[in-house]
Amino acid sequence: MLTTAPEVETIDEVSSYPGIYEVAKSLTDGGVPVDQAIQVSDLPMLHFIPEGINLNLLEQKIRDEKKREFFLKRLIEPLKEKYEVIIIN
């Protein structure tokens with residue numbers, strides 16, 4: 001399910017949306033499924049997952065993962081059928 005990202009005035013408003021860390025938790029701890037974190041931008045073909053305020057925790061989580069070099073691959077695997085291009089910044 002994709003949701004349209006509303007315009008936000010402050011960073012505090014952004015933190016209420018699940019970010020990439022919450023998606024990463026889904027691989028091990030029952031976090032947010034990747035398709036529920038995707039936001040739709042004003043550009044019709046541009047969707048994104050916000051980084052959120054817990055991005056520093058993602059680094060810690062990846063560092064402790066076994067086979068961490070494949071962590072992002074496992075994270076975006078469910079999206080490969082929906083998108084032709086996935087950019088990670």
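Worth knowing before you read on, the calculation uses all heavy atoms, side chains too, and leaves out hydrogens, waters and symmetry mates.
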Closest non-hydrogen atom pair, [X] against [Y]:
| X | Y | value |
| --- | --- | --- |
| Ala37 | Val32 | N-CG1, 4.2 Å |
| Ile20 | Ile49 | N-CG2, 3.7 Å |
| Ile38 | His47 | CG2-CB, 3.6 Å |
| Pro18 | Pro50 | O-CG, 3.5 Å |

Between Glu59 and Asn56, is there a donor-acceptor pair closer than 3.5 Å when you use the side chain of the first and the backbone of the second?
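Side chain of Glu59 to backbone of Asn56, a donor-acceptor pair under 3.5 Å: no, none is there.
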So, taking the atom named CG in Leu72 and the one named CG in Leu58, what distance separates them when rounded to the nearest 0.5 Å?
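Reported to 0.5 Å precision, the distance equals 7.5 Å.
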By side chain to side chain contact (heavy atoms under 4.5 Å, CB included) - contacts of [X] (at least two apart):
| X | answer |
| --- | --- |
| Pro33 | Asp35, Gln36 |
| Gln60 | Leu57, Arg63 |
| Ile87 | Val85 |
| Lys73 | Phe70, Glu77 |

Transitive ILVMFWY cluster of Met45 at side-chain heavy atoms under 4.5 Å: who else is in it?
none
Linked hydrophobic residues, Leu46 as query - side chain contacts closer than 4.5 Å:
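The other cluster members (ILVMFWY side chains, heavy atoms under 4.5 Å, direct or chained) are Leu43.
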So if you build clusters from Ile, Leu, Val, Met, Phe, Trp, Tyr with side-chain heavy-atom gaps below 4.5 Å, do Phe71 and Val23 land together?
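Linked, Phe71 and Val23 end up in one cluster.
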Could you tell me which residues satisfy side-chain hydrogen bond (donor to acceptor under 3.5 Å, both in side chains) with Arg74, sequence neighbours excluded, listed by chain and number?
Glu65
